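Note that the structure is predicted; figures quoted are calculated from it, not measured. Atom set for the values below is all heavy atoms of this structure, side chains included, hydrogens, waters and symmetry mates excluded.
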Amino acid sequence: MVKDVAALIGRIAVGIVFVAHGWQKFTEYGMAGTAGSFDKMGVPLPSVSAWFAASVELAGGLALIAGLALPIAGVLLAVNMLGAWLLVHLPNGLIGEGGAELVIVLGAAALALGFNGGAYALDRVLFKNNKVLNPAAA
């Protein structure tokens, strides 16, 4: 039970961070602004990448919080953070301005929580016997 509560707290915390970043891309920067920033940072296909990042962060963050489609959300969020690391943060080192520490932690946490989301997840209820969406299924 304690590990399930810990997983729930972790999912909520990490999910909130992803939701905030995705929401920010859609509402504060706008997709044109996000794509423009991505272009300046050298991200390939900046418009497509902006839509992917914003959508995955917002929807994936909500999925983490709810515990819904966790393996899919975890993998997509980890892939998104891997892209951010390799395309943007890697030249800046681990810590400091533009450092990679946040994207590494967020990607690893999303991946871990995607496959170990705990008992308090919608996946456990909705996909009781599905081994893909509920790795705890017997």
Side-chain angles (χ1 to χ4, degrees):
M1 177 170 151
V2 173
K3 70 178 186 171
D4 294 321
V5 171
L8 175 63
I9 292 168
R11 286 195 347 258
I12 291 170
V14 173
I16 286 171
V17 172
F18 276 115
V19 167
H21 281 263
W23 186 256
Q24 183 181 43
K25 285 175 178 67
F26 278 118
T27 63
E28 186 177 328
Y29 304 143
M31 294 318 301
T34 301
S37 292
F38 281 16
D39 189 37
K40 287 180 186 175
M41 291 183 273
V43 175
L45 301 169
S47 292
V48 173
S49 297
W51 277 97
F52 176 82
S55 300
V56 166
E57 289 168 10
L58 183 60
L62 291 170
L64 277 183
I65 292 167
L68 185 62
L70 285 174
I72 295 166
V75 167
L76 287 173
L77 288 165
V79 166
N80 186 45
M81 292 297 96
L82 180 62
W85 180 27
L86 295 176
L87 297 171
V88 178
H89 296 276
L90 189 61
N92 301 321
L94 185 62
I95 58 173
E97 188 173 336
E101 75 278 3
L102 180 62
V103 298
I104 292 170
V105 168
L106 286 174
L111 191 60
L113 291 166
F115 289 93
N116 300 289
Y120 306 119
L122 284 177
D123 284 351
R124 295 282 179 107
V125 176
L126 298 175
F127 306 107
K128 196 173 179 176
N129 298 318
N130 185 319
K131 289 183 181 183
V132 173
L133 293 175
N134 179 8

Could you report the tightest heavy-atom contact between Phe18 and Leu64, atom names first, then the distance?
CD1-CD1, 4.2 Å
What is the distance from atom CG of Leu8 to atom CD1 of Ile65, rounded to the nearest 0.5 Å?
10.0 Å
Shared hydrophobic cluster, Val17 / Val103 (ILVMFWY, side-chain heavy atoms < 4.5 Å):
yes
Is there a path from Val19 to Leu122 through hydrophobic residues (I, L, V, M, F, W, Y) whose side chains come within less than 4.5 Å of each other?
no
Does any part of the side chain of Leu106, heavy atoms only, come nearer than 4.5 Å to the side chain of Leu77, both counted from C-beta?
no
Nearest 0.5 angstrom please: Ile9 CD1 to Asp4 CG, how far?
11.0 Å
Got a list of side-chain donor-acceptor pairs under 3.5 Å for residues 80-91, not counting sequence neighbours?
{"from": "Asn80", "atom 1": "ND2", "to": "Glu57", "atom 2": "OE2", "distance (Å)": "2.9"}
{"from": "His89", "atom 1": "ND1", "to": "Gly98", "atom 2": "O", "distance (Å)": "2.9"}
{"from": "His89", "atom 1": "ND1", "to": "Gly99", "atom 2": "O", "distance (Å)": "3.1"}

Common cluster, Leu58/Leu68, ILVMFWY with side-chain heavy-atom separation under 4.5 Å
no
Nearest heavy atoms of Ala73 and Ala63, plus distance in Å
CB-CB, 3.8 Å
Are any of the side-chain heavy atoms of Val75 and Phe115 separated by less than 4.5 Å?
yes
Within a 6.0 Å radius of atom CD1 on Ile95, are there more than 12 heavy atoms belonging to other residues, nucleotides or ligands?
no
Can you give the donor-acceptor pairs under 3.5 Å from side chains of residues 30-48 to other protein atoms, not counting sequence neighbours?
{"from": "Thr34", "atom 1": "OG1", "to": "Lys25", "atom 2": "O", "distance (Å)": "3.2"}
{"from": "Thr34", "atom 1": "OG1", "to": "Gly30", "atom 2": "O", "distance (Å)": "2.9"}
{"from": "Ser37", "atom 1": "OG", "to": "Gly33", "atom 2": "O", "distance (Å)": "3.2"}

Can you find a pair of side-chain heavy atoms, one from Leu113 and one from Leu70, that are under 4.5 Å apart?
no
Centroid-centroid under 6.0 Å between Phe26 and Trp51 rings
yes
Could you see if Tyr120 belongs to whatever hydrophobic cluster contains Val14? Use Ile, Leu, Val, Met, Phe, Trp, Tyr and a side-chain cutoff under 4.5 Å.
no
Is a donor on one side and an acceptor on the other found under 3.5 Å between the side chain of Arg124 and the backbone of Gly67?
no
